[in-house]
Participant: 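Input: one structure, supplied below.
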Amino acid sequence: GLERESELVVERFAPLRFYLACRPGHPLAGAKGLTLQQALHHPLVTTRLRGGDAAQLIPGLAPPPSQRDALPALVPQIVVNSLAMGRRVARGSDALFPGTAAQLADDVGAGRLVVLDVEDAALSNAHAAFHRRDRPLAPAALAFLEILRSVEDELQRAEAAPGRAVRRSQGRRAA
């Protein structure tokens, strides 16, 4: 919603898709057309989610937008300090790990994790960089924005290739 603020310059980046991954022998592995709510009957393992991140991933657990600032950290059933540890826990349990195609690529490619067939708008994010229109950016901020754009381009390229592996793990034809 920041695009409507005339005093801000907003540079939107392409959304990233999130997938739910699990170990190959998981009870949901290979199931087709799961809903997010069905999948979340199994424990979720991730780092602590706060505010809008929690509301975005698990919409049914979020308060109305007017109360989101008061939303305490949503603590998944299994909280880890790193995404690598979350993937490791998912590989050895019935927990589900949410991640982007790039985050899951190595484990999916090696057969340590499979991606569940869950389609839900809540499994993508929108993100942007913004700054005040009436203030020039410092050289360090300009350099940071260039680095951020470069990283975003790299992420999008990485998402395209691993995304094919993710879709194959769901039993779909590669794009």
Side-chain angles (χ1 to χ4, degrees), residues 11-31 34-62 68 71-129 144-145 147-172 174-175:
E11 182 175 346
R12 294 182 61 90
F13 298 108
L16 290 175
R17 166 80 158 85
F18 287 86
Y19 300 88
L20 294 176
C22 63
R23 64 181 173 81
H26 191 281
L28 297 179
L34 293 169
T35 67
L36 181 58
Q37 293 305 322
Q38 288 171 321
L40 291 177
H41 283 271
H42 290 268
L44 185 70
V45 57
T46 189
T47 56
R48 183 176 303 260
L49 302 172
R50 296 189 181 275
D53 292 335
Q56 187 172 9
L57 184 58
I58 307 175
L61 298 179
R68 286 225 175 108
L71 181 69
L74 173 68
V75 179
Q77 292 88 340
I78 304 169
V79 178
V80 292
N81 290 329
S82 73
L83 299 178
M85 181 57 72
R87 288 189 304 274
R88 187 173 179 185
V89 169
R91 290 191 311 252
S93 71
D94 279 350
L96 305 178
F97 176 77
T100 64
Q103 290 169 331
L104 298 171
D106 289 344
D107 282 313
V108 168
R112 294 183 298 258
L113 289 176
V114 296
V115 174
L116 295 178
D117 183 17
V118 178
E119 293 292 330
D120 194 293
L123 291 174
S124 70
N125 76 348
H127 55 289
F144 173 76
L145 278 175
I147 291 169
L148 186 58
R149 289 178 190 119
S150 174
V151 168
E152 283 294 322
D153 289 344
E154 192 175 312
L155 260 179
Q156 291 305 316
R157 284 191 304 276
E159 288 296 306
R164 287 191 293 274
V166 164
R167 287 189 289 280
R168 278 194 300 275
S169 82
Q170 295 172 323
R172 295 183 184 163

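Nothing fancy with the numbering, it's 1 onward along the sequence.
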Participant: Got a second to check how far I78's CD1 is from T47's OG1, nearest 0.5 Å?
Facilitator: 13.0 Å
Participant: Spell out, as yes or no, whether a donor-acceptor pair under 3.5 Å connects the side chain of R91 to the backbone of L113.
Facilitator: no
Participant: Which atom names give the shortest non-hydrogen contact between Q103 and P98, and what distance separates them?
Facilitator: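 Reported closest heavy-atom pair: OE1-O, 4.5 Å.
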Participant: Do other residues, nucleotides or ligands put more than 12 heavy atoms under 6.0 Å from the CZ atom of R112?
Facilitator: yes
Participant: If you look at every heavy atom in A90 and A21, which pair is closest and at what distance?
Facilitator: CB-O, 4.4 Å
Participant: Supply the atom-to-atom distance R149 CZ to E154 CD, rounded to the nearest 0.5 angstrom.
Facilitator: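 So the CZ of R149 and the CD of E154 are separated by 16.0 Å.
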Participant: To the nearest 0.5 Å, what is the distance between CD on Q156 and CZ on F13?
Facilitator: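 The CD atom of Q156 sits 10.0 Å away from the CZ atom of F13.
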Participant: Before giving the answer on salt bridge (Lys or Arg N to Asp or Glu O under 4.0 Å), spell out for E119 and R17 the whole-Å C-alpha distance, their side-chain angles and the decisive distance to 0.1 Å.
Facilitator: CA-CA 10 Å; E119 293 292 330; R17 166 80 158 85; 3.3 Å; yes
Participant: Side chains of L20 and L44: does their closest heavy-atom pair fall under 4.5 Å?
Facilitator: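 Counting from C-beta outward, L20 and L44 do come under 4.5 Å.
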Participant: Mind checking whether R87 and V45 have side chains closer than 4.5 Å, heavy atoms only?
Facilitator: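 No, every pair of side-chain atoms sits at 4.5 Å or beyond.
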Participant: Supply the atom-to-atom distance L16 CG to E152 CD, rounded to the nearest 0.5 angstrom.
Facilitator: 6.5 Å
Participant: Please round to the nearest 0.5 Å and tell me the distance separating atom CG of D120 and atom CD of Q38.
Facilitator: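 One finds 11.0 Å between CG of D120 and CD of Q38.
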Participant: For residues Y19 and T100, determine if any side-chain heavy atom of one lies less than 4.5 Å from a side-chain heavy atom of the other.
Facilitator: no
Participant: Could you measure the distance from the CG atom of L40 to the OG1 atom of T35? Nearest 0.5 Å is fine.
Facilitator: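 Rounded to the nearest 0.5 Å, the CG-OG1 separation comes to 8.5 Å.
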Participant: Please examine the side chains of H41 and L28, heavy atoms only from C-beta on, and report whether any two atoms are closer than 4.5 Å.
Facilitator: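 The answer is no, as the side chains (C-beta and beyond) never meet within the 4.5 Å cut-off.
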Participant: Which pair of non-hydrogen atoms, one from L96 and one from A39, has the smallest distance, and what is that distance?
Facilitator: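 So the two residues come closest at CD1-O, 3.0 Å.
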Participant: Determine whether V114 and C22 make a side-chain contact, defined as any pair of heavy atoms from C-beta on separated by less than 4.5 Å.
Facilitator: yes
Participant: How far apart are the closest heavy atoms of A29 and R23, and which atoms are they?
Facilitator: CB-O, 4.0 Å
